[in-house]
Engineer: 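Below is the structure I would like to discuss, written out as structure tokens.
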Amino acid sequence: MATELPKAYDPKAAQEKWLTFWEQKGYFHSTPDATKKPFTIVIPPPNVTGALHMGHALNNTLQDVLIRWKRMQGFNALWMPGTDHAGIATQSVVERLVLQQEKKNRHDLGRDELVRRIWEWKDKYEARILGQLREIGASADWKRTRFTLDPVCARAVRETFFRMFRDGYIYRGKRLVNWDTHLQTSVADDETDTVDTKGGFWTFKYQVDGEADTFISFSTTRPETMLGDSALCVHPSDERYKHLVGKTVTQPHTGRKIPIIADGQLADPKLGTGCVKVTPAHDPNDYACWQRHPEIAVINILNPDGTINENGGEYKGLDRAKARDAVTEKMKELGLYIDRADRDIPLKISDRSKTPIEPYLSDQWFVKMADRDDAKPGLAQMTMDAVTSGKVKFFPERYARSYLDWLGEKRDWCISRQLWWGHRIPVWQSKPMRDKDTVAIAERRLTQCSALSNAVANERAFIKLEINTEGAEPTLLKSDAGAFGAVATATNYIYVCLAEPNPTAEQELSGLGYQQSEDVLDTWFSSALWPHSTLGWPGPTLPEERAERTAPDWDAMRAYYPTSTLVTSRDIITLWVARMVLTGLYNVGDIPFHQVYITPKVLDGFGETMSKSKGNGVDPLDIIDLYGTDAMRYGMVKLATETQDSKLPVANICPHCKKDVAVKQEHMYMRTKKLTCPECKKEFRPGGPWPTEDPDRPTAKQGSDRFEEGRNFANKMWNATRFLLMNLEGYTPGPVKLEELPTEDKWLLSRLATTTKAVTAALEGYKFSDVARLVYDFVWSEFCDWYIEMSKGRLKDAAARPQAQRVLAGVLDGILRLVQPVMPFVSESLWEALRDAAPERGLPTPARAEEAACIAKWPSYPEAWISADVEARFARMQELVRGVREVRNRYQVDDKTKLDVAVKCSTDVAAEFNALAAFIGPLASISNLTAGPAVPKPKPSGGVVRPEFEAYVALAGHIDEAAEAKRLEKQIADKKKSLEGTKAKLANEKFVSSAPAEVVQAQRDLLADIEKQIASLEENLKELKGE
RNA sequence: GGGCGCUUAGCUCAGCGGCAGAGCACUCCCCUUACACGGGAGGUGUCACAGGUUCAAAUCCUGUAGCGCCCACCA
């Protein structure tokens, strides 16, 4: 009969059981279904490097809450899971591994072998990450799992590149990029860190040509770049140098003549000597200066590995640091050295290799973002319009601004990366050609390639000429010694882009000496396509495919695109969100999602962002292990307030003696890898993202009391259900008629209806924290604390029992539904228990329960159940009960005198008690009203006892009369003060006329209340004094 | 330098015009047959600071300070 549950909820058993069950049932697999409205979320694909962290836990929990909720609401819910290949991050991890284990670098391995190793590595870590996602309860459609290098994604990437190339959005150009000399690749700005480093501030001078006695001095933090100087620059209004502008100096190391120019943006008269050297190829500001002064040269002096190249003359081959010393030394020898001062300089460091970044001029591919002259849309503007028009909405709204501001700059997007791991750029490039005739010949040759011509005719290949004869495009310039000014070298190219792999055409191209670009695409290029590439875009692309548009993937695209909500973190609004909107509009002609919810950030206990490099991360699996998945999820939902970031202080739990050892900030900064337990004095390694185990020292798990709330909550529901199951003997389903129910039932149903409505509204507004709070308060403070207590009496009464059982089962049913999106495991466990005992249940009319909570219908209750009147009466009753308890607790009143309370306290209250006669039965069963020690004894007083019970207290005679009198007097004085304030308020005409009627009424009630209280207190005081 | 947040109880955070709140921690009482991951009661606050608007400000406005994040920049 009644199932007997264990006394406490065991999260581990439940988790394993339900994960398996859900999967077997296939609840989370979605297929296109015309009868249901779709609700789609694509996961922000986690990098295949490393493990999940707290940020993932937060982000994915929230997505899962939305998906589970919408699924219950009857939507065709699809949560598309997957992972990202994360170009640099992944490649450098594997490169490092290979270097450690085999002492080989990537060039030793070769491209194919390295890529093969990375795939191997990826398979392993992807499985781990997906496993972790599954463990946090993610109800994703695992059958659709995607990876950004999957064939479906590759196809979409290639198609996008092809179209953009064809439409003139993608071009090749030279840019100063952040060059990682160690990994020999460019890295994005966000993949660098800027750290203050001790450096120097050198001042040198050059002699002005033709004027033996005239010198001009300048300062620099990087003397070695003097080898690449192509000008000196002063401020145009700087009187000190005005007469020198237009003259030249001879750079002593290279013998190059360089001009003195004036540029108001580059030179700051107040800084240093007011004169600055210009190295366009190795400094972003100088590069910008060159763009304003194209007459000066751009001289690259570095090899990709960071050594000086042939442009550095005799310094060729030297490492940067050695070159710096040598260059400085030479200046000393020439008597051109002035001084050197210590200075902290901001040094850009590559996130991946931890080596200094070198600004470096190189060939890159770009996506043009600016407006266009032709009819085609400007990509940035188009992407902005999607948000300004309200088609894509941000929650919280303010984040739309970061999006718009960034796009507003319309800066071109550099999409090439000098890596091996990623989508290779599908462009074949000719050798540079000197003149137009050569180009014409080359063009003609291309037309003789049959496979290629065929592809061109089918719009599956595109040929583009890049004519630079006029020097329109910046090229790497080397000025001849003794002359300055740009000498444009003619560099004409033919580029061929293939829309899909085409071995024959590729063979033809290579026969003509064309080479495929070595570069791969920026990871964000493939992530940008995620919402549509994972759904099968571009669908049929070949003519024969287009003829029959029946491919299943194409159906998915039509069924689920645009997706509903994107849940992501604020720091990739520009890198990712904006670009998804861009490619969605460009490729599909529609936005990728309707709403973007930006999650808060989980910070460490000291308010800093968690990161691997800081070593302050927390492993969600530690939390799950200690408190259970539901508790972890509840904690995440609870902290997701209006994007208020939230600190998560943690303690290491000593693996030897289980004592909590607080994490200190210095552990983090020093990356402490060893701690001694203050309790058992044994050593352990603090918890955190350490890559390997330490055999000598076990690693501590990390805990945080912030997850206790969720754990306790799960247990509370568990036991509430347990209580019900113990009292379900003889249960019969039956409809519930509100008007026939006792007040406490009406109250409970009113609260249930209110809560359900509020929870639904909170979910709709992405107010996750409210969801957790609302459910918690209703379950704990209302259902358990009051209703269950009051039901105990009725369950013993044969007449009242059936009704009480139905209400209990019905409300619990609603609770399990409400809590399911947040705490699916405990909900499912209790759903099962309840199903066995009361398969038919529910309010107002019972029905057979669904086979699982996760597919149960989302609840909603009649609006008519919500009654302010009932809730107010119940609230007053609670107040009275609390008053009684307080008196009893403070003065240790025994059971026998309990009734006296009602009689001896002020007559008004007694009357109220009588008016609430309907509650007397239920009241009696609230344990604390009936139980209590037999012997009354006085207790030290403190605080305020509700005035309505003062009479009783006085009569009880168990008190320190002098102290009580004093306390009463103070209370009376306080009350009088507050009475004056309220009177003044009500006497104020402006208040009475301008405040809302209910507010004024509340003040009047308050006034009356205070007056009554004062009278009562004064009465008590009199009695106490024996007057 | 530009932008966006934050500052409320010992800790972590809600509240965002109308009698200062929750969880944890703390004090006292209670192993009352759902739950000690529990029950009952209690204490705890110049709502960062300074001005202003308002009958009324933790809440709105202005400024100041401290903290955090993003973006630019620092020869």
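When reading the values below, keep in mind they use all heavy atoms of this one structure, side chains included, and skip hydrogens, waters and symmetry mates. Labels below follow one simple rule: chain letters A, B, ... track the order of the sequence lines, proteins then strands, and each chain is numbered from 1.
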Engineer: Just how far, in rounded Å, is P of rG5(B) from CD of Glu397(A)?
Structural biologist: 12 Å

Engineer: Could you state the atom-to-atom distance from NZ of Lys647(A) to C1' of rG5(B) in whole Å?
Structural biologist: 14 Å

Engineer: Please report the distance separating the P of rC47(B) from the corresponding atom of rA58(B), rounded so that it comes out in whole Å.
Structural biologist: 7 Å

Engineer: At under 4.0 Å, does any side-chain N or O of Asn712(A) touch on OP1 or OP2 of rG38(B)?
Structural biologist: yes

Engineer: Do we see a donor-acceptor contact under 3.5 Å between the side chains of Asn719(A) and Tyr9(A)?
Structural biologist: no

Engineer: Quick test of your reading of the model: are Glu789(A) and Lys792(A) salt-bridged, counting only N-O distances below 4.0 Å?
Structural biologist: yes

Engineer: Between rC13(B), rG38(B), rC37(B), which nucleotide gets closest to the side-chain atoms of Thr641(A)?
Structural biologist: rC13(B)

Engineer: Measure CH2/Trp718(A) against P/rC35(B) and give the value in whole Å, please.
Structural biologist: 14 Å

Engineer: The side chain of Cys784(A) is closest to which nucleotide in this list: rA34(B), rC13(B), rC24(B)?
Structural biologist: rA34(B)

Engineer: So what stems show up for RNA chain B if we need 3 or more Watson-Crick or G-U pairs in a row, all under 3.5 Å?
Structural biologist: B:1-7 with B:65-71, B:10-13 with B:21-24, B:26-30 with B:38-42, B:48-52 with B:60-64

Engineer: Please enumerate all residues that pass ring pair (Phe, Tyr, Trp, His ring centres under 6.0 Å) together with Trp406(A), with sequence neighbours excluded.
Structural biologist: none

Engineer: With respect to the side chain of Glu708(A), which nucleotide from rC24(B), rU12(B), rA34(B) is positioned closest?
Structural biologist: rC24(B)

Engineer: C1' atom, rU27(B) versus rU33(B): distance in rounded Å?
Structural biologist: 29 Å

